[in-house]
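Right, one structure below, let's go through it.
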Amino acid sequence: MATVYDDVPPRVHDAPPPRDRRSSFGPTARPGVRASAARVVGTVKAVAPPVASGAAQLGVLTAQVIATGAALSVAATILLLGSGYADGGVGPFLLCLLAAVVASAISTVFVVVLGVPLRFTRRARLWWIRNGEVALAGTLVGAGLLIASAILGGGGAPNGWLLVPGWLLLAFSLAHTWWPDRWRPERLRTKRPEPRVRVAGHAPGDRRRRARAAVEEFLAASGRAFRGERD
């Protein structure tokens with residue numbers, strides 16, 4: 001049976017709302033996109049050096065990566081120029097510069113990815129930050145190995161046995177270095193985590209025993225109720 005509304009065309013406000021085509025990263029972004037962006041930012045901040053909070057952490061992490069790439073580019077350029085690869089004119093010189101930049105970028109990405117567990121693992125991260133002298137010593141040792149490879153190399157080429165470990169050690173130390181905690185003012189030092197406090201009177205296994213006793217009491221009460229007995 002037809003109703004009086006069968007021949008009425010649908011109104012505009014009855015139609016489903018049009019899909020919002022505005023940017024997904026502005027204030028009108030969907031909750032799922034905002035949550036994903038917040039997780040990404042939180043993850044990046046978790047691996048960044050513990051300075052202040054928010055944008056300062058992201059800025060320091062970005063500056064650290066850029067500084068690592070720049071330092072490696074300078075070191076690679078000096079090694080290539082000192083080995084005589086740019087003696088042929090402007091063309092070889094530009095190729096040396098390009099090779100230095102590419103090698104530095106690849107090395108920076110490699111050591112950053114290699115050190116991700118060091119930044120994510122809570123205990124290792126706190127130990128590394130508090131003992132920043134290790135990274136400084138690694139930087140000096142890596143630079144020393146690069147210099148030794150250039151001096152001890154034969155035929156103008158650096159010594160590969162010293163070049164590779166020195167390069168990787170220098171890159172890793174630069175990418176994950178942090179000013180030693182002991183050399184910073186008290187207000188800028190890394191806070192020690194709060195120790196876990198065990199509630200007085202609780203021994204290992206108490207929770208398991210209480211849970212087992214609760215289950216046994218429940219089963220016993222269920223059996224009494226099924227038999228019609230009263231507690």
Side-chain angles (χ1 to χ4, degrees), residues 39-83 96-153 158-194:
R39 283 195 295 268
V40 172
V41 173
T43 303
V44 175
K45 289 170 61 177
V47 301
V51 292
S53 61
Q57 288 178 281
L58 304 180
V60 170
L61 180 63
T62 303
Q64 189 176 22
V65 173
I66 294 176
T68 299
L72 292 179
S73 298
V74 172
T77 302
I78 293 175
L79 286 175
L80 292 174
L81 295 181
S83 301
C96 286
L97 294 181
L98 179 61
V101 172
V102 172
S104 302
I106 295 175
S107 302
T108 301
V109 173
F110 175 74
V111 295
V112 167
V113 174
L114 187 65
V116 164
L118 179 65
R119 291 178 176 267
F120 269 113
T121 307
R122 183 168 173 267
R123 289 186 177 180
R125 171 181 166 84
L126 291 176
W127 183 90
W128 183 264
I129 291 175
R130 292 199 189 100
N131 299 274
E133 299 91 342
V134 177
L136 297 179
T139 302
L140 296 177
V141 173
L145 290 176
L146 292 182
I147 296 174
S149 68
I151 296 175
L152 302 178
N159 188 322
W161 294 101
L162 298 176
L163 175 64
V164 175
W167 177 265
L168 293 178
L169 181 60
L170 176 64
F172 186 87
S173 300
L174 288 176
H176 303 286
T177 190
W178 182 243
W179 194 251
D181 202 57
R182 304 177 184 86
W183 301 354
R184 281 180 275 158
E186 185 68 28
R187 60 186 179 85
L188 297 179
R189 292 183 181 179
T190 307
K191 296 181 179 179
R192 296 182 179 274
E194 294 292 337

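Predicted model only: the values in this text are computed from it and were never measured. For this chain, numbers begin at 1 and follow the sequence in order.
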Heavy-atom closest contact (Leu80 atom, Cys96 atom, distance): CD1-O, 3.4 Å

Side chain proximity check, Thr121 to Trp127, heavy atoms < 4.5 angstrom: no

Closest heavy-atom pair and its distance - Ala103, Trp167: O-CZ2, 4.3 Å

Minimum-distance pair of heavy atoms, taken over all atoms of Leu145 and Pro165: CD1-C, 4.3 Å

Distance in Å, Leu170 CG paired with Leu72 CG, rounded so as to fall on 0.5 Å steps: 5.5 Å

For the student: nearest non-hydrogen atoms of Leu169 and Gly138, plus distance: CG-O, 3.5 Å

Residue pair Ile78, Leu146: steps toward the side-chain contact (heavy atoms from CB on, under 4.5 Å) verdict: CA-CA 10 Å; Ile78 293 175; Leu146 292 182; over 6 Å; no

Spacing of OG1 belonging to Thr108 relative to CD belonging to Gln64, to within rounding of 0.5 Å: 11.0 Å

Any donor-acceptor N/O pair, His176 side chain to Arg119 backbone, under 3.5 Å: no

Between OG1 on residue Thr139 and CZ on residue Phe172, distance to nearest 0.5 Å: 11.0 Å

N/O donor-acceptor pair under 3.5 Å between Thr68 side chain and Leu174 backbone: yes

Shortest non-hydrogen contact between Pro158 and Ser83, atoms and distance: CD-OG, 3.4 Å

Nearest non-hydrogen partners of Ser73 and Ala100, listed with the distance: O-CB, 3.8 Å

Reported CG-to-OG distance for the pair Leu168 and Ser107, which is rounded to 0.5 angstrom: 7.0 Å

Between CG on residue Asn159 and CG on residue Leu163, distance to nearest 0.5 Å: 8.0 Å

